[in-house]
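In what follows, a single structure is set out as structure tokens and then discussed.
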There are 2 protein chains.
Amino acid sequence: MEILQAARCLDKLGNPTRLEVFRLLVKAGKAGLAVGDLQEHLNVPASTLSHHISHLVNAGLVHQEREGRVLRCRPDFELMQSLIDFMTEECCEGLGPAQESRDAS
Amino acid sequence: MEILQAARCLDKLGNPTRLEVFRLLVKAGKAGLAVGDLQEHLNVPASTLSHHISHLVNAGLVHQEREGRVLRCRPDFELMQSLIDFMTEECCEGLGPAQESRDAS
DNA sequence: TAAATATTTCGATGGTTCTAGAAATATAGT
DNA sequence: ACTATATTTCTAGAACCATCGAAATATTTA
């Protein structure tokens, strides 16, 4: 994953409401949740929620599919894993006990 | 880690300049980098850079220590690991092959 | 076609963030 | 004390984001 895409995803997940939305979707598993289900969990008006979901969709973190009257939202697990991999590899090296900045003699 | 703290960290890392700052610090290892070192890598004015660094410091992702005339910045590896753990546990379950949403019969 | 349900789009408002130049502060060396 | 270096704080404007009510759109059922 490129750094700009990572920053974009992190930015979207950096809003408490959106992070909670994403978390609820993940907890719901592959079946995901309808927008209305999310609304019941999150004390926000429909228009505000819709706005936040569209951010997540734009970033590719969530996909939507219409099922009759309801819109089902599913998280993109692969993208999330890519993001976590990026953070681990690019932003968290140096944690291991053997890691030291080699002295530049 | 609580969800609000996670959101705050993600929000701070969600800016491309700040993400790059943090990444550079991680790559530099435990020794970290001085603000001036960062400035040479990142094409931004000092005041803008300082502003971004203070966001990272406020979130606890970076610590600063004065060394003579320069301010040395070090990433908080533990906090970053906590954030990655949060994302993995709270926002990425469901990836394993055996994971399915159990039918609520 | 009308009514009900689910969700989005529109529009306005207030707040926050980004950016960057100028001035201020801190430290070290002369 | 003065100068140079390193970095922050101040200030202001532009851009962006969150919020939410109202109106619009999509779908199902009567």
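A note on names: the letters A, B, ... follow the listed sequences, proteins ahead of strands, and every chain is numbered from 1.
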query = Residues two or more places apart in sequence or in another chain: which of them pass side chain to side chain contact (heavy atoms under 4.5 Å, CB included) with A/Glu20?
reply = A/Arg23, A/Leu24, A/Leu42, B/Ile3
note = Tightest non-hydrogen contact, residues B/Leu10 and A/Gly14, listed as CB-CA, 3.8 Å
task = Would you mind reading off the distance between B/Glu40 atom CD and D/dT5 atom C1', rounded to a whole angstrom?
result = 13 Å
query = If you look only at pairs with a residue in residues 33-50 of chain A, which of them pass as a side-chain hydrogen bond (donor to acceptor under 3.5 Å, both in side chains), with sequence neighbours excluded?
reply = none
inquiry  = If you take any heavy atom closer than 4.0 Å to DNA chain D, which residues from residues 8-20 of chain B end up in contact?
reply    = none
message = Tell me which pairs pass ring-ring contact (aromatic ring centres under 6.0 Å, His included) where either residue lies in residues 7-29 of chain A, with sequence neighbours left out.
response = none
Give me, pair by pair, the N or O atoms of the protein and of nucleotides 23-25 of chain C that are less than 3.5 Å apart, along with how far apart they are.
none

query = Does some side-chain heavy atom of A/Asp85 sit less than 4.5 Å from a side-chain heavy atom of A/Glu90?
reply = no
Using distance only, find each side-chain donor-acceptor pair of residues 51-59 of chain B under 3.5 Å and give its atom names and separation, not counting sequence neighbours.
unit_1	atom_1	unit_2	atom_2	d
B/His51	NE2	B/His55	NE2	3.3
B/His52	ND1	B/Arg18	NH1	3.2
B/Ser54	OG	B/His51	O	2.8
B/His55	ND1	B/Lys12	NZ	2.9
B/Asn58	ND2	B/Ser54	O	3.2

ask   = Does any residue of residues 43-64 of chain B have a heavy atom under 4.0 Å from DNA chain D, and if so, which ones, in number order?
value = B/Ala46, B/Ser47, B/Ser50, B/Gln64
request  = Please step through side-chain contact (heavy atoms from CB on, under 4.5 Å) for the pair B/Cys92 and A/Val26, ending with a clear verdict.
outcome  = CA-CA 6 Å; B/Cys92 214; A/Val26 167; 5.5 Å; no
Trace of the side-chain contact (heavy atoms from CB on, under 4.5 Å) decision for A/Leu83 with A/Met1 = CA-CA 7 Å; A/Leu83 179 61; A/Met1 174 178 280; 4.0 Å; yes
task = For A/Thr88, check side chain to side chain contact (heavy atoms under 4.5 Å, CB included) against everything at least two apart and list the hits.
result = A/Ile84, B/Ile84
key: Separation of C/dA6 P from A/Leu33 CG (nearest whole Å)   = 15 Å
message = Using the side chain to side chain contact (heavy atoms under 4.5 Å, CB included) criterion, which residues pair with B/Leu4? Sequence neighbours excluded.
response = A/Pro16
List, with names and distances, any nitrogen or oxygen atoms from the protein found under 3.5 Å away from nitrogen or oxygen atoms belonging to nucleotides 27-30 of chain C.
none

Just distance, no hydrogens or angles: give the donor-acceptor pairs under 3.5 Å from side chains in residues 64-71 of chain B, sequence neighbours left out.
unit_1	atom_1	unit_2	atom_2	d
B/Glu65	OE1	B/Arg74	NH2	3.0
B/Arg66	NH1	B/Gly68	O	3.1
B/Arg66	NH1	B/Arg69	O	3.3
B/Glu67	OE1	B/Arg72	NE	3.0
B/Glu67	OE2	B/Arg72	NE	3.3

task = Give the rounded distance in Å between these two atoms: CG of A/Leu38 and C1' of C/dT7.
result = 12 Å
message = I'd like to know whether B/Cys91 forms a side-chain contact (heavy atoms from CB on, under 4.5 Å) with A/Met80, so could you lay out the CA-CA distance, the side-chain angles of the two residues, the decisive distance to 0.1 Å, and finally the verdict.
response = CA-CA 8 Å; B/Cys91 298; A/Met80 189 61 179; 3.5 Å; yes
task = Could you list the residues that satisfy side chain to side chain contact (heavy atoms under 4.5 Å, CB included) with B/Asp76, not counting sequence neighbours?
result = B/His63, B/Glu78, B/Leu79
